[in-house]
Amino acid sequence: MASQDWLDKDFYKVLGVSKDVSPEELKKVYRKLARKYHPDSNPGDAKAEATFKEITEAHSVLSDPAQRAEYDQIRAMGSGARFTAGGPGGGFDDAFRGGPYGGGGGFPRGAGFEDILGGMFGNGNFGRSSGGFRGWGGPSKGQDVVSTVVVDFFEALHGDTMTLQLPSGNSVKVKIPAGVADGQKIRIRGKGHASPDGGEPGDVVLTVTVGKHPVFERDGLNVRLVVPVTFTEAVLGATIEVPTVEGDTVRLKVAPGTPSGRILRVKGRGVKTAKGHGDLLAEVMVAVPSHLDAEATKALQEFAAKAPKDDPRAEILQRGRR
């Protein structure tokens with residue numbers, strides 16, 4: 001874990017949220033910022049790219065309950081737990097200043113050395129754990145590499161394998177599983193930074209950003225699209241063709257009198273994952289012509305004269321009254 005690095009970074013400030021932000025609000029804020037600063041939205045803007053990396057790192061830590069708890073604990077120590085090269089044994093720079101160890105605040109009297117270290121690192125049995133740092137409880141794991149991978153809509157639906165360039169200059173193949181969702185994390189074991197003391201290397205943790213599609217929109221395991229139909233098709237009924245995410249088309253029956261907003265469902269033609277298959281949801285939108293010639297206008301007026309005189313707004317007028 002990047003304990004020293006985390007001391008210098010205020011992830012809450014980076015995202016502009018409070019320390020008690022809920023997971024739902026955190027996700028909402030991150031998505032808004034990611035869209036704003038994403039490299040695809042700011043081509044050639046190095047500052048936007050740097051900001052995007054900062055908010056991605058912040059979200060990666062704060063969205064993981066275990067990492068967030070560890071981060072909050074480390075930050076709560078403030079500058080008092082910084083490791084320094086100077087001083088006897090490499091020492092703790094400010095942790096023992098103050099109170100019984102040098103005047104001022106500091107740790108309470110009567111606290112043993114292991115108690116102090118245990119309180120700082122969340123392990124009351126420090127020195128006998130499997131983590132620790134050099135000379136205390138065995139070698140430590142290397143730092144994770146946290147990054148973002150951008151995939152297009154169909155790559156996310158069907159899965160893909162891509163090559164990721166690591167900060168070290170090495171590259172690693174990443175398997176994008178079929179049905180991966182926007183914001184989902186992919187962990188690649190053992191491909192992160194090397195351990196400083198002979199332990200196992202860290203991991204690569206990727207946050208997936210899924211690109212938008214001009215026709216399809218994902219809704220859980222379902223895929224939605226809006227299907228325009230003509231006024232005549234909506235009134236008289238019709239059989240229409242709509243595209244699917246597999247690349248083919250399906251035929252749907254529009255019943256006579258179908259209004260805008262009605263959903264036509266095609267079973268099993270949505271997102272397909274190991275956990276299940278979604279549906280294709282086609283939302284009907286009645287397309288109103290923007291211009292009619294004289295003959296069509298006359299025909300429509302004749303239709304209006306013969307059409308039922310029911311007021312389609314009668315119900316909302318009635319319910320809208322106090």
Side-chain angles (χ1 to χ4, degrees), residues 16-18 21-36 38 41 153-154 156-157 179 181-183 209-246 248-273 276-322:
V17 297
S18 64
V21 63
S22 67
E24 295 75 17
E25 182 63 21
L26 181 71
K27 184 177 182 180
K28 181 179 178 181
V29 170
Y30 167 69
R31 286 186 171 181
K32 181 178 180 180
L33 292 174
R35 285 194 296 268
K36 180 178 180 181
H38 197 282
S41 303
F153 187 83
F154 287 115
L157 281 184
D182 187 63
T209 297
V210 180
K212 302 294 183 183
H213 192 274
V215 174
F216 300 109
E217 180 181 1
R218 183 165 173 176
D219 181 8
L221 290 182
N222 297 326
V223 174
R224 291 180 173 271
L225 77 159
V226 176
V227 182
V229 299
T230 66
F231 172 75
T232 304
E233 289 172 331
V235 173
L236 302 180
T239 298
I240 61 174
E241 271 192 327
V242 298
T244 73
V245 292
E246 282 84 12
D248 60 348
T249 61
V250 292
R251 294 173 68 82
L252 298 179
K253 185 175 181 179
V254 179
T258 294
S260 285
R262 177 167 293 176
I263 302 296
L264 307 179
R265 183 183 297 266
V266 185
K267 285 285 189 180
R269 300 304 294 269
V271 182
K272 297 180 180 179
T273 71
H277 294 180
D279 302 330
L280 180 68
L281 306 179
E283 180 181 348
V284 173
M285 180 184 69
V286 178
V288 179
S290 59
H291 176 74
L292 295 176
D293 59 23
E295 185 177 354
T297 299
K298 181 180 178 181
L300 188 59
Q301 289 170 341
E302 292 175 351
F303 164 78
K306 297 178 181 179
K309 303 305 179 183
D310 297 335
D311 185 354
R313 293 171 293 280
E315 183 176 357
I316 64 169
L317 290 173
Q318 177 65 31
R319 293 188 175 186
R321 293 173 184 165
R322 295 193 175 186

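Salt bridge Arg319/Glu315: present, at least one basic N to carboxylate O contact under 4.0 Å. Remark: Arg31 engages Asp182 in a salt bridge, criterion side-chain N to carboxylate O under 4.0 Å.
Heavy-atom neighbours of Glu241 CD from other residues, nucleotides or ligands within 6.0 Å: above the threshold of 12. Summarising the local packing, NZ of Lys306 is surrounded by 12 or fewer heavy atoms from other residues, nucleotides or ligands at distances under 6.0 Å. Heavy atoms of other residues, nucleotides or ligands lying less than 6.0 angstrom from CD of Glu217 number 12 at most.
Using a 4.5 Å heavy-atom cutoff, the side chains of Val266 and Leu252 are in contact. No side-chain heavy atom of Val17 sits under 4.5 Å from any side-chain heavy atom of Glu25. By the 4.5 Å heavy-atom criterion applied to side chains, Lys27 and Glu24 are not counted as neighbours. For the pair Val254 and Thr239, the minimum side-chain heavy-atom distance is 4.5 Å or more. You'll find the side chain of Arg251 stays beyond 4.5 Å of the side chain of Ile240, heavy atoms only. Residues Lys32 and Val29 are not in side-chain contact: their nearest non-hydrogen atoms beyond the backbone lie 4.5 Å or more apart. Residues Leu225 and Pro243 form a side-chain contact, since some pair of their non-hydrogen atoms from C-beta on lies under 4.5 Å apart. At least one side-chain heavy atom of Val229 sits under 4.5 Å from a side-chain heavy atom of Val286.
Listed here is the closest heavy atom pair of Gly220 and Arg218: O-NE, 2.7 Å. When all heavy atoms of Phe153 and Val245 are compared, the closest pair comes out as CE2-CG1, 4.3 Å. Val215 and His213 make their closest contact through N-ND1, 2.9 Å (heavy atoms, listed as atom of the first residue, atom of the second, distance). Residues Asp293 and Ala296 share a closest heavy-atom pair of OD1-N, 2.8 Å. Here the shortest heavy-atom pairing between Thr273 and Gly179 reads CG2-CA, 3.7 Å. The shortest non-hydrogen separation linking Val210 to Ala181 is CG2-C, 4.0 Å.
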Stepwise, does the side-chain contact (heavy atoms from CB on, under 4.5 Å) test hold for Arg313 with Ile316? CA-CA 6 Å; Arg313 293 171 293 280; Ile316 64 169; 4.2 Å; yes
Candidate pair Thr249 and Val242, rule side-chain contact (heavy atoms from CB on, under 4.5 Å), full reasoning: CA-CA 5 Å; Thr249 61; Val242 298; over 6 Å; no
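Taking the side-chain hydrogen bond (donor to acceptor under 3.5 Å, both in side chains) definition, one finds that Glu302 meets it with nothing, sequence neighbours left out. Applying the salt bridge (charged side-chain N to carboxylate O under 4.0 Å, His left out) test to Arg265 and every residue at least two apart in sequence or in another chain returns Asp279. With sequence neighbours left out, the ring pair (Phe, Tyr, Trp, His ring centres under 6.0 Å) criterion links His277 to no other residue. Taking the side-chain hydrogen bond (donor to acceptor under 3.5 Å, both in side chains) definition, one finds that Arg224 meets it with Asp219, sequence neighbours left out. When the side-chain contact (heavy atoms from CB on, under 4.5 Å) test is applied to Ala255, the partners found at least two apart in sequence or on another chain are Thr258. Scored by the side-chain hydrogen bond (donor to acceptor under 3.5 Å, both in side chains) test, Asp248 finds Thr244, Arg269 as partners (sequence neighbours excluded).
Taken to the nearest 0.5 Å, the CD1 atom of Ile263 stands 10.0 Å off from the CG atom of Asn222. Note that CG of Leu236 and CZ of Phe231 are 8.5 Å apart. Values are rounded to the nearest 0.5 Å. Atom-to-atom distance recorded for Lys28:NZ and Leu33:CG is 12.5 Å, nearest 0.5 angstrom.
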